[in-house]
Structures are given as structure tokens and as C-alpha cells.
Amino acid sequence: MGIKIEEKKKEKRKLPPLPHARKGEVVTRFPPEPNGYLHIGHAKAAFIDYEYACMYNGIFILRFDDTNPVTERKEFYNAQKEDLKWLGIDWDKEYRTSDNLPKHYELAKKLLDEGNAYICTCSEEEISRNRKEMRACNCREKSLLSWNDFIRMKEGEAVVRLKGNMTSQNTAMRDPVLFRIIEYPHPIHGTRFRVWPTYDFYGAVEDSLSGVTHPFRSKEYELRDEVYFYLLDCLELRKPYLMEFSRLDIRGMPVSKRKIKPLIEKGIVSGWDDPRLPTLRGLRRRGILPEAIREFVLSQGVSKAESIVAFENIEAVNRKILDARAKRYFFVPQPIELHVEKAIEGEIELKYHPSEDMGKRKVRVGNTFYIPKEDALKLKEGDVIRLKDLYNVKIKGMDRKIFGEFAGEKLIEGIDKIQWVSEEYIPMKVMIPSLLYKNGEFNEESLRIVEGFAEKNVLETKHGEIVQFERFGFVRIEKNREIVAIFTHK
RNA sequence: GCUCCCGUAGUGUAGCCCGGCCAAUCAUUUCGGCCUUUCGAGCCGAAGACUCGGGUUCAAAUCCCGACGGGAGCACCA
């Protein structure tokens with residue numbers, strides 16, 4: 001019975017079954033645009049795609065939707081791949097949408113030839129106005145321009161539009177733009193292409209051609225479903241089973257690139273990896289584990305219901321995973337000196353973990369210690385405290401420092417056990433990130449710094465290692481010019 | 001404004017398609033207790049929800065209509 005419960009607990013989180021899915025025949029895809037760093041919202045999409053492919057022994061494709069040369073940047077192709085790998089996501093195939101442009105052009109000609117699309121020379125404003133007024137422009141029926149004319153035109157002079165339905169209730173169907181001209185070098189193809197497809201075109205076409213059976217996208221595309229299927233009908237292409245899910249929203253934390261970018265530009269946060277940010281790099285610096293992100297993100301499910309989650313939910317998942325793995329060290333915030341008479345001097349051993357076998361560390365102790373100010377302030381003469389894992393100390397008096405006396409090694413029940421450092425300490429700063437916004441307003445205290453002394457053994461940690469400072473919280477160690485810790489959570 | 005989507009405890013989520021076994025799942029949170037040489041983890045217990053109003057039905061969280069609330073779209077951006 002006990003075993004059964006344990007098995008159940010360890011069982012990995014699962015997604016609900018996929019409609020119309022058969023083992024071995026599911027193909028999913030994650031299609032980021034290489035124009036920025038991935039954030040937790042991307043992680044949700046990527047995990048849903050990836051997990052479903054795994055669940056059905058299917059194929060998972062990584063596709064770079066790099067069809068807007070103005071915004072794509074070369075460095076992000078790799079940065080995004082690194083972030084996905086960090087999450088523990090592997091893909092079976094990888095390609096760029098931009099590599100398929102010749103195929104897209106072929107299909108565009110087909111649409112034009114068969115009267116399902118037309119070349120429109122109206123201005124953006126005219127197009128917008130006509131859409132609002134549900135009116136077709138002259139280009140729609142009377143244009144004599146061909147694909148070959150189009151590709152010789154200048155940026156802004158003309159676009160290819162789908163012949164949808166200008167009187168549709170769904171504004172997305174009112175002749176959406178399928179191709180536009182952009183005179184701007186592409187990070188991969190340089191000036192090889194000038195005509196670029198829009199999302200409505202390549203999204204549907206690529207899903208269909210690459211064999212994707214279950215494409216997922218976030219809810220804001222819902223209105224475009226009709227375009228998606230109509231286009232594929234015109235092109236006589238296979239129609240995948242399209243599904244939508246709600247975007248991830250975290251209270252007090254801007255998730256979208258749109259909201260994060262200005263914060264960086266204004267210097268409100270230090271960069272894309274600022275630990276206050278829900279970018280994958282920010283979360284990583286903060287000590288959030290990829291397993292926790294997966295667990296959290298999948299717990300949100302694939303529903304269309306909008307929600308604003310609290311960051312505590314991520315922390316809770318993370319804490320449980322971390323607790324079993326993180327080594328323990330002593331860190332004393334705002335240290336106050338404690339002088340102990342009749343102290344036992346020498347070298348002692350402390351366990352790295354209370355229950356897991358991780359070995360021991362050595363600490364030299366003399367008669368001088370430091371304990372946290374917060375604990376020191378509570379002390380009165382005559383109190384007996386315990387230096388955790390060491391011995392008891394009776395408080396004799398205090399002025400600037402505290403004076404105490406050795407009071408036995410035997411554990412006394414019910415007294416405070418306080419973490420400490422001996423004279424073998426290193427000064428250390430802990431950065432404490434918290435929510436960027438509170439009640440809708442910028443939180444001036446979103447990044448606090450606490451100074452203190454850590455036991456010297458912290459020097460042995462690796463850059464990026466996550467440890468627990470006992471009674472203080474989990475932190476991730478960064479070793480650059482100096483050694484600092486970033487607070488993860490309690 | 002118009003159109004579409006969504007609405008289960010403080011938070012998130014299962015259930016809704018195929019009405020009854022739902023006096024509604026799980027997690028988080030909060031509060032008790034146990035355990036523990038950490039303010040962490042673990043264990044036990046408690047608190048707490050079907051937005052509202054109508055209708056259909058023997059029976060509605062589940063189906064229908066309406067209201068209200070939230071979100072999205074109305075880009076040559078995805």
C-alpha cells in the first residue's frame with residue numbers, strides 16, 4: 001500500500017488525451033520567432049507540443065518562423081535552442097520557415113492563377129478602412145497585375161491578399177494579406193528574398209506541408225482559424241487538427257516580450273536574464289529548475305480559460321524538487337558577533353543534507369561566532385540558545401557584541417537553534433528578487449540586497465549551484481568577479 | 001462599437017463534449033497538530049468554489065436562452 005502511494009506521487013504529470021490521435025501518428029511543432037529570448041509562456045507551448053509528441057510516440061518539430069527579416073536576429077536561433085535544451089526538450093526535426101519560401105511562392109502563384117488571391121495596391125489605410133466598411137476595392141476583381149509584376153514592385157506598393165469574404169463577421173476573413181515586400185536583409189538569407197509571407201499564410205501552409213497533425217497555438221489566434229482552414233481549402237492541402245490554449249499570465253510579472261522589452265530599455269531591469277523576469281534565463285538565474293517549469297506549466301493544462309497565476313505556485317513546485325537536492329550551508333544575514341567563553345575549539349563536521357546522504361563539510365570553530373541580527377535582538381541575559389549542530393550557549397550579556405558561555409552539548413528541547421558562522425567566513429551579498437509590480441504599481445523593493453557572512457565552505461560551490469542557506473532560504477550561487485547569491489525562495 | 005472566446009474555493013486546476021455515482025478532484029494558500037538540531041521538507045487534519053437569472057428534465061457544474069464580468073481580434077506583427 002505504502003509503495004503504491006509512493007509510485008503514484010512520483011508519477012509524472014500527464015496531459016489529457018489528444019482528440020483524433022493515434023499512437024505513432026501524432027506530429028506536433030513548436031514555432032518560435034527568433035526575435036528574442038524565450039519566456040515561460042513559450043515554455044508552456046513548447047512543453048505541450050513536446051509532451052504530446054512523447055505521449056503518442058510521435059514526432060516533434062522545432063520550426064523557426066523567421067519571415068520578418070526586420071525583427072529576426074541571428075543570435076536568437078541558437079539562444080532559443082539552448083533554452084529549449086535547458087528545459088529538457090528535444091526535437092526530432094528542425095527547420096526554418098524561411099527556407100521554404102520558393103515553395104510558398106509556388107503556392108502563391110496557384111492562388112493567384114485560380115482566382116483565390118489578388119494583388120492589391122491600396123495603401124494600408126485604405127485596406128483598413130475598406131475592411132471596416134466591408135467594401136472590396138477595385139484591385140480585388142479588376143487587377144491585371146500578376147505575381148511576376150508583384151515581385152518587381154517596391155516595398156509598400158502592393159501586397160498579395162486572399163480573396164476571403166469582405167462582408168464576413170469575422171474581420172480576419174476580410175481578405176487578409178498573405179505576402180508583402182520587405183527590403184531588409186534577413187539574418188540567414190541576406191537579400192535573397194524580398195517577398196515575405198505573413199503568419200496567416202505560412203502558419204497554415206507549414207503546418208500542413210510538414211505533416212503536423214495537432215498544431216497548438218494560443219488563444220489570440222482564434223479568429224484566424226477560419227482563415228487557416230479556408231486557405232488550406234483553396235490550396236487543396238491537408239487540414240491539421242488545430243487547437244488553442246490560453247496564455248500564461250503571472251500576477252505582478254510581465255510575461256510577454258512586448259511588456260518586458262521596455263523594462264530593459266528603460267533600465268528598470270538589468271537585462272533579459274534579470275532574476276525578476278519570467279524569461280527562461282531569468283528563471284534560471286533565480287534558481288528555478290526546468291523540471292519545476294515543466295511541472296508548473298503542465299499543471300495549467302490546455303484549456304482556454306484565462307487565469308492569472310501566482311508565482312508562489314512555481315515556487316512551491318520548485319521548493320519540493322530542490323529540497324531533496326540542495327546542499328545546506330550556513331549564512332548569517334546582518335551578522336552580530338558572539339563571543340563564547342569556555343568554547344570548545346577545533347574542527348567539526350556538518351552534514352550537507354539532513355536526510356539525504358551527501359557527505360559532510362568541515363568547519364573550524366573557536367570562541368568567536370556571528371549570528372543573525374534578527375535572532376540576536378530577541379536575546380536576553382540568561383537565555384540559552386543552541387548554535388545549530390554545535391552546542392548550547394548561555395547569554396551572559398551584550399553591548400555591541402554578545403557575550404555567552406558554553407552551556408553543554410546536549411540538545412535541549414524547545415530552544416532556538418540558530419545558524420552561525422565562525423571566524424572562517426566570507427562576506428556575501430544576497431540579491432532578493434520579488435514581484436516587479438504590486439497592486440499594479442512598480443515595486444520599488446523588487447530587488448533588495450542583503451549582506452551577511454557565509455561559512456567559508458560556500459567557496460567550494462560551483463557557479464550556478466543552488467543550495468539552501470539554512471533558515472534563510474534557497475539561493476543560487478553566482479561566481480563572477482565576486483561571489484553572490486540570488487535568493488530563490490524560502 | 002462590432003465579432004469571437006472564457007467564467008468551478010484566495011490562487012491554479014479536474015469534472016462539462018456523452019446530465020444522475022459531484023454533499024465536486026488535485027495542487028497551492030491559510031490555520032491547527034505531529035515530526036525534524038533549519039523559519040525547509042515530510043506526515044495528519046481543517047477552512048474554502050460550480051458568476052447571476054430563467055428554461056428543458058424525474059434529475060443540471062454539466063444542455064438551451066439571457067444578463068453580468070474578464071480576455072482577444074478588428075496590422076503589410078506573430
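Naming: A, B, ... by sequence-line order, numbering from 1 per chain.
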_Whole-angstrom distance between A24(B) and U8(B), as gauged at atom C1'_ = 9 Å
*Ignoring the backbone of Arg319(A), work out which of U38(B), U29(B), C6(B) is nearest its side chain.*
U29(B)
_Contact summary for Ile61(A) and Ser210(A), nearest pair of heavy atoms_ = CD1-O, 3.8 Å
*Look at the side chain of Tyr221(A) against the base of A78(B) and say whether a donor-acceptor pair falls under 3.5 Å; ignore hydrogens and angles.*
yes
*If you check every side-chain atom of Leu223(A), which of A78(B), U37(B), G73(B) has the closest atom?*
G73(B)
_Under-4.0 Å side-chain N/O to phosphate OP1/OP2 contact, Arg386(A) with U36(B)_ = no
*Look at the side chain of Val309(A) and decide which nucleotide, out of G7(B), G12(B), U38(B), has an atom nearest to it.*
G12(B)
*Does OP1 or OP2 of U13(B) have a side-chain N or O of Ser307(A) closer than 4.0 Å?*
yes
*Among the candidates A78(B), G12(B), U13(B), find the nucleotide nearest to the side-chain atoms of Gln300(A).*
G12(B)
*Between Arg29(A) and Tyr95(A), is NZ or CZ placed under 6.0 angstrom from the six-membered ring centre and within 45° of the ring axis?*
no
*asked:* So, does Arg328(A) get its side chain near the phosphate of A41(B), meaning an N or O under 4.0 Å from OP1 or OP2?
replied: no
*Ser303(A) side chain N/O closer than 4.0 Å to the phosphate oxygens (OP1, OP2) of C6(B)?*
no
*asked:* Quiz question: by atom type and distance under 3.5 Å, do the side chains of Glu94(A) and Tyr77(A) form a donor-acceptor pair?
replied: no
*Is any N or O donor-acceptor pair between the side chain of Gln468(A) and the base of U38(B) shorter than 3.5 Å?*
yes
*Does A78(B) have OP1 or OP2 sitting under 4.0 Å from an N or O in the side chain of Thr198(A)?*
no
_Inter-residue atom distance Thr121(A).OG1 - Asp149(A).CG, 0.5 Å rounding_ = 11.5 Å
*Check whether any side-chain nitrogen or oxygen of Arg247(A) sits under 4.0 Å from OP1 or OP2 of A72(B), and answer yes or no.*
no
*Proximity to the side chain of Arg251(A) - top-ranked nucleotide from U11(B), A78(B), G40(B)*: U11(B)
_Both Asp65(A) and Asp389(A) contact RNA chain B. Which one's nearest nucleotide lies toward the 5' end?_
Asp389(A)
